Amino acid sequence: MSRIAARFEQLARAGRKGLIPYICAGDPGVELTVPLMHGLARAGSDVIELGVPFSDPMADGPVIQRATERAIKRGVGLKQTLQFVRAFRADDSTTPVVLMGYANPIERMGRAVFAQEAAAAGVDGVLVVDYPPEECEDFADDMRAHGIDPIFMLAPTSTSERIMRVARAALGFIYYVSLKGVTGSAHLDTTQVVEKLPLIKSVANVPVGVGFGIRDAATAQAVARVADAVVIGARIIQELEAVPHDAAVAAVERFVGGIRQALDELAPAQRAA
């Protein structure tokens, strides 16, 4: 059983919902990535989503684009991101880590090499925005062969056929994009999430996490009433942008800890929904 599956099994037994924060590797500073990962774990994160900097992040809004640009200027790419995971694993062998990024850096490294290096570093899952399940069966097989969960996205516009295809291919969890647009979009209509998730969960063999547009405790709670986990990213990057480097870890730990508390304050019946 993968670390991701084990963590979601623990959450299900406890009637709790998962918390998946995102940070971009190398932002706001190369020296801060691993301390931030540990801070996220201390704050009660269940899975850490670590962004791989890429020059054309098509699914990301301006907030995460800025983080990516800052990281690239510091020379951070896929190889350095894997080094961060390896360093994190030296002190944390239990918190699952998912890499989120794009196909180009993986193709440049080579899929087989990437699978080996990611597994050796301690990566638990990979979400590649521009590797749709219809076009990357070999990649998904490579990931599974190395004990890494291939994670795929669904959106409000996903057809029933695509939902079924993703449900068959995904391991770890399915990432449901809660709105049309890019990361960091301001408006989240939770009614659409409520309408779409029952269909996805009825055919999925893995938990469903919801991201895009979750900015505070209230929206996290609203989404967690129907989802297995909430994913929050752009809002964390904004927290990092608002403080000096020496206050970054404390600020993120405080913010994510507040989201964790809000999720745990849900009534037991809502947590187990």
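Bear in mind the structure is a predicted one, so any value in this text is a computation, not a measurement.
- Both V177 and V98 belong to a single network of hydrophobic side chains, linked directly or stepwise wherever heavy atoms of I, L, V, M, F, W or Y lie under 4.5 Å apart.
- Of the inter-residue distances, the one linking L19 atom CG with I232 atom CD1 reads 7.5 Å to the nearest 0.5 angstrom.
- Hydrophobic clustering keeps L171 apart from I48 (ILVMFWY residues linked when any side-chain heavy atoms are closer than 4.5 Å, directly or through intermediates).
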Steps toward side chain to side chain contact (heavy atoms under 4.5 Å, CB included) verdict (V30, F84): CA-CA 9 Å; V30 174; F84 293 142; 3.8 Å; yes
Side chain to side chain contact (heavy atoms under 4.5 Å, CB included) evaluation trace for D216 with R235: CA-CA 8 Å; D216 52 30; R235 185 66 182 82; 5.9 Å; no
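- The two residues A169 and R144 come nearest to each other via the heavy atoms O-NH2, 2.8 Å.
- Two residues are said to be in side-chain contact when any heavy atoms from C-beta on lie closer than 4.5 Å; F54 and N104 meet this criterion.
- Taking 4.5 Å as the limit, some side-chain heavy atom of V85 sits within range of a side-chain heavy atom of L99.
- Taking each heavy atom of A217 and I259 in turn, the nearest pair found is N-CD1, 3.6 Å.
- Between P28 and L32, the closest heavy-atom pair is CG-CD1, 3.6 Å.
- Heavy atoms of other residues, nucleotides or ligands lying less than 6.0 angstrom from CD of E161 number 12 at most.
- The two atoms that bring A41 and D92 nearest to each other are CB-OD2, 3.8 Å, heavy atoms only.
- Atoms OG1 and CZ, on T95 and R7 in that order, are 5.0 Å from each other to the nearest 0.5 Å.
- Using modelled atom types, one side-chain atom of Q65 and one backbone atom of D60 make a donor-acceptor pair closer than 3.5 Å.
- Counting only heavy atoms from C-beta outward, the side chains of R162 and L154 approach each other to under 4.5 Å.
- Side-chain atoms of I151 and M100, non-hydrogen and from C-beta on, never get closer than 4.5 Å to each other.
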Worked verdict on E265 versus Q261 for side-chain hydrogen bond (donor to acceptor under 3.5 Å, both in side chains): CA-CA 6 Å; E265 287 173 353; Q261 181 178 351; 3.1 Å; yes
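- Using a 4.0 Å cut-off between charged nitrogen and carboxylate oxygen, K17 and D46 do not count as a salt-bridge pair.
- Distance alone, capped at 3.5 Å, places no donor-acceptor pair between the K79 side chain and the M109 backbone.
- A67 and I237 get closest at one heavy-atom pair: CB-CG2, 3.9 Å.
- With hydrophobic clusters built from ILVMFWY side chains whose heavy atoms lie under 4.5 angstrom apart, I4 shares a cluster with L127.
- Side-chain contact between R70 and L240 is absent, with no heavy atoms from C-beta onward closer than 4.5 Å.
- For S158 (side chain) and I163 (main-chain N/O), no donor-acceptor pair under 3.5 Å exists by modelled atom type.
- Salt bridge absent: E69 and K73 never bring a charged side-chain N and a carboxylate O closer than 4.0 Å.
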Criterion side chain to side chain contact (heavy atoms under 4.5 Å, CB included) on F173 and D228, from CA distance to verdict: CA-CA 9 Å; F173 63 94; D228 298 301; over 6 Å; no
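- The line from OG1 of T94 to CZ of R89 is 7.5 Å long, rounded to the nearest 0.5 Å.
- The shortest side-chain heavy-atom distance between I64 and P57 does not fall under the 4.5 Å cut-off.
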Verdict with reasoning, Y131 to M143, per side chain to side chain contact (heavy atoms under 4.5 Å, CB included): CA-CA 13 Å; Y131 271 168; M143 293 298 101; over 6 Å; no
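- Taking a cutoff of 4.0 Å between a charged side-chain nitrogen and a carboxylate oxygen, D264 and R16 qualify as a salt bridge.
- When the side chains of ILVMFWY residues are joined at heavy-atom separations under 4.5 Å, either directly or via intervening members, M37 and L78 end up in a single hydrophobic cluster.
- Distance CE/M164 to CD1/I200: 12.0 Å, rounded to 0.5 Å.
- Taking the six-membered ring where tryptophan is involved, the planes of F114 and F139 are essentially parallel, since the angle between them stays under 30° and well short of 60°.
- Residue-environment remark: CD (E107) exceeds the threshold of 12 foreign heavy atoms within 6.0 Å.
- The side-chain heavy atoms of Q80 and P53, taken from C-beta on, include no pair separated by under 4.5 Å.
- Note on V129 and I20: same hydrophobic cluster, where clusters join Ile, Leu, Val, Met, Phe, Trp and Tyr whose side-chain heavy atoms are under 4.5 Å apart, directly or indirectly.
- A salt bridge links D124 to R3: one of the charged nitrogens lies within less than 4.0 Å of a carboxylate oxygen.
- Counting heavy atoms from C-beta on, the side chains of H245 and E31 come closer than 4.5 Å.
- Listed here is the closest heavy atom pair of P156 and Y176: CA-OH, 3.4 Å.
- Using a cut-off of 4.0 Å between Lys/Arg side-chain N and Asp/Glu carboxylate O, D27 and R74 are scored as salt-bridged.
- We find the CZ-CD distance between R66 and Q238 to be 7.0 Å, quoted to the nearest 0.5 Å.
- Between L40 atom CG and I236 atom CD1 the span is 6.0 Å, to the nearest 0.5 Å.
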